[in-house]
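Contents: one structure, followed by commentary.
The sequence lines fix the lettering, A, B, ..., with proteins before strands; numbering per chain opens at 1. Below, all heavy atoms of this structure are taken into account, side chains as well, without hydrogens, waters or symmetry copies.
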Protein chains: 2
Amino acid sequence: MTHKKHITLESIIAKHYDALPTAERKLADTVLEFPGELAAYTATELAEIAGVSKAAATRFFKRLGFNHFEEARRLARDSKNWGSPLYLQSKDEQPQSADQRIAHYLDEEQQNLRKTYHSATLSELDVICEQLVKAKRVWLLGFRNSHYIASYARWQFIQFRSDVHLLPANAGETMAEYIADLRPDDMVIVIGVRRRVDPLINIMQAIKQTKAPILYLTDPTAGKTSAYARWTIKIPVSSSFLFDSYTALMSFTRLLAIETFRVSGESGRKHLKNIERIHDTLNEFE
Amino acid sequence: MTHKKHITLESIIAKHYDALPTAERKLADTVLEFPGELAAYTATELAEIAGVSKAAATRFFKRLGFNHFEEARRLARDSKNWGSPLYLQSKDEQPQSADQRIAHYLDEEQQNLRKTYHSATLSELDVICEQLVKAKRVWLLGFRNSHYIASYARWQFIQFRSDVHLLPANAGETMAEYIADLRPDDMVIVIGVRRRVDPLINIMQAIKQTKAPILYLTDPTAGKTSAYARWTIKIPVSSSFLFDSYTALMSFTRLLAIETFRVSGESGRKHLKNIERIHDTLNEFE
DNA sequence: TAGTCAATGAAATTAAAATTTCAGTAGAGT
DNA sequence: ACTCTACTGAAATTTTAATTTCATTGACTA
């Protein structure tokens, strides 16, 4: 095993600690109190916190063996991000080992999740959920990949409210009949991540004309389609691997269900209880 | 509205995100990629990473409402120490604000993902993927919730290999016929997260007798069922919210597909190309 | 007591980062 | 084709941080 040990700022300080003069020892103590946080502070701030002069700070890092403060800051910062492979290698080259690939994959997944839940559009969530409770009937629509998500979303909603339906996934005649039947007090959740099929835009337009409000779950590449939706939520699906990742989308539909359930209050809770009972009964016979 | 909101850099960015011009959006993406780490970088470095000019960086932070970059850096540094909401409040009390609930939710999702990919069982991944490539036919089986995952997983696999089938989700006669047809050079992926249905164990037993190897994707509550599987991978689904979370499970099936594709090499690549072509053609007419 | 020497911080200097200016450009509207 | 307008990055400028200088201190030694 020839790998060079992972040098940390802490270990370097420890090595010199005994030989440090008073002012610099104060600095050392200060730095050690903010483990890994050094990079977030300037040398001047550090000096202030430690109650010593700026000159002392400069000398301190020189004595530790750095050429200048910037080097120490780099070390502190980089030894922290050591774990995240996403930034270690340039984005286009393939990770070598399975471990690396998996770490990279995990990283991307987490990032998509974070982006999803930091999105500003979530401020509308309350209103959307209320609408989902108020709506007489809820319709879910999704083609292709989006269809899988739509059907799973439906399953979640029928846990606590009735009249939640999946619109048929075949374009054409049948779809038109369903749309004709939509009413303003219905609500439609359209799931349309890329690759979107061409007729989606027409269908959404048709739905809009029925005055049934549309919640449109899509990805950041959505174009004009969102014009027909009352609410549009963009969920990142991009991935440097094969296929887009619907992980965040799945996650979000569940959040939507959870929040809607919360808003629905008593009536939803009752429904859920019923379902639970039915499940238990089914289990005995299945 | 009097509740004090926990303002984070992320939430501020999210609020402005849609209105940002290209260069500044690149910066936004870059910042979001370094959660909480902003304080460790200078505006210049940020601009370099994002591939935009320093001027853009200055404008970016001004647009977000800061007086200067230093303010943003301060916020990032200080709000980092707020820590993750998961540990801030005791588990049983409900988070108050929607923001908090969402943060908590995100935290759980990420944790499930991390647990999934840090699991030791992943060492078998190579072997599993090879088997998935070698297998004459691949069968996917899942009841109830697991059925949604199974059907999505199938869709991913048919992108690059043929003969991938969904076993019917209705217990009873039909299932028996399919199982009787299984051969040792087939492979079966059983998805069985709770609540598992009773007959699953019998079905898995029956499959085992056909000598077709079983990859069993389940959750940590799996009991004796795993006895019949050649490989068992436990994926956490637990959640303090309503319903279990299949986010990590979805994510994992995609990884499985990706890695299998990688192993399959040329033949898979060819198949994928065909599919791409067919998709494009379909798009024109749909 | 005088002499040496490391240590120290205030202030001067230098280096670097952030901001502003400005000229060029792309896009929307007429 | 022509305006407007908003966006952009290179370069100039300003601001801020880091380093160096230097005079002073105090501790130790002869």
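- When rounded to the nearest whole Å, the span between CZ of Arg25(B) and P of dA6(D) equals 17 Å.
- Protein atom NZ of Lys54(A) is 9 Å distant from nucleotide atom C1' of dT16(D), rounded to whole Å.
- Side-chain N/O atoms of Tyr117(B) and Ser251(B) include a donor and acceptor closer than 3.5 Å.
- In this model, the phosphate group of dA17(C) is not approached by any side-chain N or O of Thr42(B) to a distance below 4.0 Å at OP1 or OP2.
- Close to dA7(C), at under 4.0 Å from its OP1 or OP2, lies no side-chain N or O of Thr22(A).
- At whole-Å resolution of the value, CZ in Phe61(B) and P in dT20(C) are 14 Å apart.
- Contact annotation: Thr44(B) reaches the phosphate of dA18(C) (side-chain N/O to OP1 or OP2, under 4.0 Å).
- Counting to the nearest Å, the C1' atom of dT19(D) and the CG atom of Leu46(A) are 16 Å from each other.
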* In sequence, state the C-alpha distance, the side-chain angles, and the governing distance for Arg254(B) and Ser239(A), and then conclude on side-chain hydrogen bond (donor to acceptor under 3.5 Å, both in side chains). => CA-CA 11 Å; Arg254(B) 179 167 158 260; Ser239(A) 158; 2.4 Å; yes
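- Computed from coordinates, the Arg59(A) CZ to dA18(D) C1' distance equals 13 Å when rounded to whole Å.
- Put simply, NZ on Lys62(B) is 6 Å from C1' on dT19(C), counting in whole angstrom units.
- Considering every non-hydrogen atom in both Pro236(A) and Lys115(A), the closest pair reads CG-CB, 3.7 Å.
- The shortest distance between side-chain heavy atoms of Thr42(A) and Arg73(B) falls below 4.5 Å.
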